[in-house]
Every structure is written in C-alpha cells, then in structure tokens.
Student: 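Let me begin by handing over the structure; questions about it come next.
No experiment lies behind these values; they were computed from the predicted model shown.
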Amino acid sequence: MEFNPVGTTGITVSDLCVGTSPLGGMPQTYGYGVDEDRAIATVEAVFETPINFLDTSNEYGKGESERRIGVAIERAGGLPDGFVLATKADPDGRDFSAARVRRSFEESCERLGVERVDLFHLHDPERFAFEEITAPGGALEGMRQLKEEGLVTAIGVAGGDLEAMEQYVDLGVFDVLLNHNRFTLLDQSASPLITKVVELGMTYLNAAPYASGLLAKPLDQKPRYQYREPDPEVMARTERLRALCDSYGVDLAAVALQFSTRDARITSTLVGVSHPDRVRELVANREAVIPDELWAEVAELTAGG
C-alpha cells in the first residue's frame with residue numbers, strides 16, 4: 001500500500017480509504033442493513049490493516065455511522081497514530097448556512113469523540129443553488145471559517161454531479177475534491193476533471209470504484225450500478241469484463257479497484273465496506289498481482305467509457 005500527501009496540508013493518507021455510509025444502516029440505498037455490532041467490528045478491522053483513512057458523514061444514517069465509528073474509536077483508546085478521519089457537513093433538510101455547517105461539525109465531533117477532524121467536506125452541494133452555497137453567510141463561508149480556526153486541517157467538496165463539482169473546484173478555495181461513480185471500469189467521465197483538479201494543485205479522491213457494487217458482487221446478489229438497478233447494456237459490458245478477468249484467473253473486483261489505485265492522479269480510492277471480512281478482501285484486492293497483458297485488454301474494453 002502506498003501513502004500520498006493531501007496537497008500541502010501536511011496530511012498523508014493511504015491510497016485506500018474505507019467509506020462508511022453502509023455502516024449507518026442505509027437499506028434504502030444499499031438494499032441491506034448493517035447492525036451496530038457488525039458496524040463497530042468493521043471499523044475495528046480497519047484499524048488492524050495498513051489503511052489509515054476513514055470517511056464518513058453527519059448524514060449517513062442520520063448520524064448513526066458516526067456514532068458507531070465513535071464507539072470503535074473509544075474502544076481502541078482513541079484514533080491510532082497517524083490515522084486520518086474525514087467527515088462531511090449535513091444540511092439537515094434545507095439549511096445549508098454557515099451556522100448549520102458549524103452545528104453539523106459540532107454534532108460530528110460529539111458522535112466521533114474527537115475535537116477536530118483532518119478533512120471536512122461540503123456534502124452534495126448540488127442539491128442547492130450554487131449562489132445559495134457561496135453567498136455571504138452560506139455553507140462555503142462556514143467551511144472556510146472552520147479551517148481558519150484550525151478546527152479542520154483541510155476542506156473538500158464531495159458530490160457526484162461533475163458539472164456542479166467543477167463549479168466548486170473553480171472557486172479555488174477547496175483542498176480536495178471527492179467524486180463518486182464517475183471513474184470506474186464502466187464510466188470514466190470524470191477523467192478530464194481529475195486532470196484539472198491535479199493541475200490546480202488540489203487532491204482528488206475517487207469513490208465507488210466498484211460502481212456501487214456491480215463490479216464486485218456476484219450477479220445473483222442483484223448488485224446495483226451507481227445506486228440504481230443496472231440496465232442491460234451495463235450488464236453486458238460487466239459480463240465481458242468478468243469473462244476477461246476470469247480468463248486470466250484474476251478477480252474482477254481486484255481489477256476494478258486497481259484501475260483507480262494505479263492512476264497517479266488519484267490520491268486515495270474510497271470503497272464502502274459493511275463487514276470485517278470485506279475490509280480484509282479490500283486489502284487483498286489492492287495487493288493482487290495483475291498481469292500487464294490483462295491491463296492492455298482492459299484498456300481496449302473500456303476505451304471511451
């Protein structure tokens with residue numbers, strides 16, 4: 001596993017990051033629930049690996065993900081040395097003011113049992129008008145205040161809509177962009193924005209390399225694609241990729257993960273996990289040996305994705 005700097009912030013993160021939205025118990029998103037004991041054990045399993053980066057949000061399970069992570073941190077006697085914790089501001093309905101960002105940060109710290117966090121994201125701001133977020137007294141102002149006060153080391157923007165994300169990148173105030181589901185074996189539409197982010201000196205975090213499950217789970221488990229039911233064309237492309245990987249004796253999930261981790265523009269790749277065994281599988285997929293010949297054929301299959 002490699003460790004990369006987050007710009008000039010002084011933060012160093014593993015090239016794998018564990019995403020924790022499933023740990024909040026969100027069956028409406030993932031099609032399954034996760035109980036508290038399993039969620040806590042999953043975080044404890046992360047602490048046993050080389051991974052030093054965990055991502056959550058005030059919004060996941062209405063704070064339940066953070067609360068469960070906080071229990072694991074307390075049981076561990078605090079965050080392990082050098083461990084990087086990231087969370088996100090929750091608008092709590094329609095309020096994405098600077099004051100709400102502050103309250104969201106305080107709620108997160110209380111649940112997590114910490115006084116500050118390394119990385120704090122503006123979460124899915126595309127749900128609001130750009131002008132509302134960036135107006136005086138808006139969420140952006142609240143984010144910048146937290147950084148100026150030293151309560152967070154770095155600020156980021158996290159979302160899925162590429163056009164909206166580019167608007168926030170162009171502001172020149174964020175250290176990090178976190179984007180999900182747009183740089184995978186099935187969809188590389190984020191690639192131009194990734195290049196732009198890196199050229200601007202920002203850090204790019206790539207979330208959901210498994211396209212929210214389709215590239216990692218057997219078809220009989222009815223995995224989702226970008227949090228929706230996959231269409232026949234996407235299923236057919238996935239099957240072609242799976243058959244190719246099988247011909248080399250390599251797991252498609254390992255190829256899907258390393259498609260992201262091997263890209264030098266990407267500082268860390270975020271994968272949501274919901275069981276201690278999945279943490280260990282994630283590390284194994286990161287370390288799997290993949291022949292150059294397979295990568296060449298993958299490039300042909302994914303061209304123009």
Student: Charged N to carboxylate O under 4.0 angstrom, Glu149 versus Arg116?
Tutor: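 No, this pair does not count.
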Student: Nearest 0.5 angstrom please: Cys245 SG to Leu185 CG, how far?
Tutor: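 So the gap between those two atoms works out to 7.5 Å.
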Student: Does any N or O in the side chain of Asp161 come within less than 3.5 Å of the main-chain N or O of Glu126, such that one atom is a donor and the other an acceptor?
Tutor: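 Side chain of Asp161 to backbone of Glu126: no pair is present.
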Student: Enter the distance from Leu85:CG to Cys17:SG here, rounded to the nearest 0.5 Å.
Tutor: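 Atom-to-atom, Leu85:CG and Cys17:SG are 9.5 Å apart.
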Student: Going through the checks in order, is the side-chain contact (heavy atoms from CB on, under 4.5 Å) test met by Leu257 and Tyr210?
Tutor: CA-CA 7 Å; Leu257 179 64; Tyr210 297 145; 3.8 Å; yes
Student: Among His121, Glu59, Glu66, Arg111, which one satisfies side chain to side chain contact (heavy atoms under 4.5 Å, CB included) with Thr87?
Tutor: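 One option only clears the test, and that one is Glu66.
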Student: Is there a side-chain contact between Pro192 and Leu162, using heavy atoms and a 4.5 Å cut-off?
Tutor: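 Answer no - side chains too far apart.
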Student: Look at the side chain of Arg100 and the backbone N and O of Asp90, then say whether any donor-acceptor pair between them is shorter than 3.5 Å.
Tutor: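 Judged by distance alone, yes, a pair lies under 3.5 Å.
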Student: Could you give the distance from CZ (Arg237) to CZ (Arg242), rounded to the nearest 0.5 Å?
Tutor: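 If we round to the nearest 0.5 Å, Arg237:CZ and Arg242:CZ are 14.0 Å apart.
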Student: Provide the closest heavy-atom pair for Phe128 versus Pro91 in the form atom of the first, atom of the second, distance.
Tutor: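 For Phe128 versus Pro91, the nearest heavy atoms are CZ-CB, 3.5 Å.
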Student: Can you check whether Tyr248 reaches Val255 side chain to side chain, under 4.5 Å on heavy atoms?
Tutor: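 No, every pair of side-chain atoms sits at 4.5 Å or beyond.
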Student: List the steps and the verdict of side-chain hydrogen bond (donor to acceptor under 3.5 Å, both in side chains) for Ser65 and Thr56.
Tutor: CA-CA 7 Å; Ser65 172; Thr56 187; 3.0 Å; yes
Student: Taking Val13 as the starting point, is it possible to reach Leu178 by hopping between hydrophobic residues whose side chains are less than 4.5 Å apart?
Tutor: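 Yes; Val13 is reachable from Leu178 via cluster members.
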Student: Is the closest side-chain heavy-atom distance between Leu186 and Leu214 below 4.5 Å?
Tutor: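 Contact flag for Leu186/Leu214 side chains = yes.
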Student: Asp15 versus Thr269: any side-chain heavy-atom pair under 4.5 Å?
Tutor: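 Asp15 vs Thr269: side chains apart.
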Student: Can any side-chain N or O of Asn4 pair as donor or acceptor with the backbone N or O of Thr267 at less than 3.5 Å?
Tutor: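 Flag set: sc Asn4 to bb Thr267 pair under 3.5 Å.
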Student: With a 4.5 Å cut-off on side-chain heavy-atom distances among I, L, V, M, F, W and Y, is there a chain of contacts connecting Val84 to Leu146?
Tutor: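 As far as the 4.5 Å side-chain criterion goes, Leu146 and Val84 are not connected within one cluster.
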Student: Does some side-chain heavy atom of Ile11 sit less than 4.5 Å from a side-chain heavy atom of Pro5?
Tutor: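 No, too far: nothing below the 4.5 Å cut-off.
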Student: Going through the distances and angles, do Phe83 and Phe53 end up as a ring-ring contact (aromatic ring centres under 6.0 Å, His included)?
Tutor: CA-CA 6 Å; Phe83 202 91; Phe53 192 12; 8.3 Å; no
Student: Return yes if some donor-acceptor pair links the side-chain N/O of Thr20 with the main-chain N/O of Leu23 below 3.5 Å, else return no.
Tutor: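 The answer is no, because no donor-acceptor pair under 3.5 Å joins these two groups.
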Student: Stepwise, does the side-chain contact (heavy atoms from CB on, under 4.5 Å) test hold for Phe105 with Val101?
Tutor: CA-CA 6 Å; Phe105 169 79; Val101 166; 5.6 Å; no
Student: Keeping the roles fixed (side chain from Asn179, backbone from Gly160), state whether a donor-acceptor pair exists under 3.5 Å.
Tutor: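 Confirmed, Asn179 side chain pairs with Gly160 backbone.
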Student: Within a reach of under 6.0 Å around CD of Glu115, are more than 12 heavy atoms found that belong to other residues, nucleotides or ligands?
Tutor: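 Incorrect, the count does not exceed 12.
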Student: Please confirm whether the backbone N or O of Gly156 pairs with a side-chain atom of Asp175, one donor and one acceptor, at under 3.5 Å?
Tutor: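 Answer holds: no.
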Student: Here's one to test your reading of the geometry: is the NZ or CZ of Arg265 within 45 degrees of the ring axis of Phe183 and under 6.0 Å from its centre?
Tutor: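 The answer is yes; both the distance and angle limits are met.
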Student: Not counting sequence neighbours, which residues clear side chain to side chain contact (heavy atoms under 4.5 Å, CB included) with Pro22? List them please.
Tutor: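 Partners of Pro22 under the side chain to side chain contact (heavy atoms under 4.5 Å, CB included) test: Tyr30, Tyr32, Ser274.
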Student: So Met143 and Arg102, do their side chains get closer than 4.5 Å, heavy atoms only?
Tutor: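 Side chain of Arg102 against side chain of Met143, heavy atoms only: no contact under 4.5 Å found.
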Student: Is the shortest distance from a Lys or Arg side-chain nitrogen in Arg144 or Glu141 to a carboxylate oxygen in the other one below 4.0 Å?
Tutor: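 Salt bridge flag = no for Glu141 with Arg144.
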Student: To the nearest 0.5 Å, what is the distance between CG (Asn206) and CG (Leu270)?
Tutor: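 Between Asn206 CG and Leu270 CG, I get 8.0 Å after rounding to 0.5 Å.
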Student: Has the side chain of Thr184 got a donor or acceptor atom that lies under 3.5 Å from a matching backbone atom of Asn181?
Tutor: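 Not a single qualifying donor-acceptor pair exists.
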Student: Which distance, rounded to the nearest 0.5 Å, do you find between the CZ of Phe120 and the SG of Cys109?
Tutor: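 With rounding to 0.5 Å, CZ (Phe120) is 8.0 Å from SG (Cys109).
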Student: Looking only at atom types and distance, does a side-chain atom of Thr49 sit under 3.5 Å from a main-chain N or O of Val46, one as donor and one as acceptor?
Tutor: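 Side chain of Thr49 to backbone of Val46, a donor-acceptor pair under 3.5 Å: yes, one is there.
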Student: Any carboxylate oxygen within less than 4.0 angstrom of a Lys/Arg side-chain nitrogen, looking at Arg240 and Glu297?
Tutor: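 Between Glu297 and Arg240 there is no salt bridge, as every charged N stays at least 4.0 Å from the carboxylate O atoms.
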Student: Treating Ile, Leu, Val, Met, Phe, Trp and Tyr as nodes and any side-chain heavy-atom pair under 4.5 angstrom as an edge, say whether Val117 and Ile155 lie in one connected cluster.
Tutor: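 Yes, Val117 connects to Ile155 through the hydrophobic network.
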Student: Are Leu54 and Val176 connected in the hydrophobic side-chain network, where two residues link if heavy atoms are under 4.5 Å apart?
Tutor: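 Each belongs to a different hydrophobic cluster.
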Student: State yes or no: are the ring centers of His123 and Phe96 separated by less than 6.0 Å?
Tutor: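 When the ring centroids of His123 and Phe96 are compared, they turn out to be at least 6.0 Å apart.
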Student: Rounded at 0.5 Å granularity, tell me how far CD1 in Ile266 sits from OG in Ser260.
Tutor: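 So the gap between those two atoms works out to 3.5 Å.
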Student: Answer yes when Glu199 and Lys196 have at least one side-chain N-carboxylate O distance shorter than 4.0 Å, and no when they do not.
Tutor: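 Salt bridge: no.
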Student: So, Gln188 versus Thr302: side-chain donor-acceptor pair below 3.5 Å or not?
Tutor: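 Their side chains do not contain a donor-acceptor pair, so the 3.5 Å distance test is not met.
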Student: Is there a side-chain contact (heavy atoms from CB on, under 4.5 Å) between Asp231 and Val234? Walk through the geometry before answering.
Tutor: CA-CA 6 Å; Asp231 62 40; Val234 167; 3.3 Å; yes
Student: Less than 3.5 Å apart, any donor N or O on the side chain of Ser104 or Asn58 sitting next to an acceptor on the other?
Tutor: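 Result is yes, a qualifying pair exists.
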Student: Please test Asp124 against Arg127 for side-chain contact (heavy atoms from CB on, under 4.5 Å), starting from the C-alpha separation and ending with a verdict.
Tutor: CA-CA 6 Å; Asp124 290 340; Arg127 295 172 289 179; 3.3 Å; yes
Student: Between Asp55 and Lys88, does any side-chain N to carboxylate O distance fall below 4.0 Å?
Tutor: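 Yes, charged N to carboxylate O under 4.0 Å.
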Student: How about Glu110: does its CD atom have over 12 heavy atoms from other parts shown lying under 6.0 Å from it?
Tutor: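 Counting other residues, nucleotides and ligands, CD of Glu110 stays at 12 neighbours or fewer.
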Student: Applying ring-ring contact (aromatic ring centres under 6.0 Å, His included), can you list everything that pairs with Tyr204, at least two apart in sequence or on another chain?
Tutor: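 With neighbours one apart ignored, the set is empty.
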Student: With a 4.5 Å limit on heavy-atom distance, are the side chains of Tyr168 and Leu140 in contact?
Tutor: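 Not in contact.
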Student: Return the set of residues passing salt bridge (charged side-chain N to carboxylate O under 4.0 Å, His left out) with Asp277 (not counting sequence neighbours), or none when no residue passes.
Tutor: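 For Asp277, the residues satisfying salt bridge (charged side-chain N to carboxylate O under 4.0 Å, His left out) (neighbours in sequence not counted) are Arg280.
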Student: Does any part of the side chain of Asp170, heavy atoms only, come nearer than 4.5 Å to the side chain of Glu166, both counted from C-beta?
Tutor: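 Side-chain contact under 4.5 Å: yes.
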Student: Does the distance from a Lys or Arg side-chain N to an Asp or Glu carboxylate O, for Arg67 and Glu36, drop under 4.0 Å?
Tutor: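 So Arg67 pairs with Glu36 through a salt bridge.
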Student: Taking only Lys NZ, Arg NE, NH1 and NH2, and the carboxylate oxygens of Asp or Glu, determine whether Arg103 and Glu106 approach each other closer than 4.0 Å.
Tutor: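 Looking at Arg103 and Glu106, the cut-off is not met.
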Student: Under a single-linkage definition using a 4.5 Å side-chain heavy-atom cutoff for Ile, Leu, Val, Met, Phe, Trp and Tyr, are Leu200 and Met165 assigned to the same hydrophobic cluster?
Tutor: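 Yes, it is one cluster - the side chains of Leu200 and Met165 are joined through contacts under 4.5 Å.
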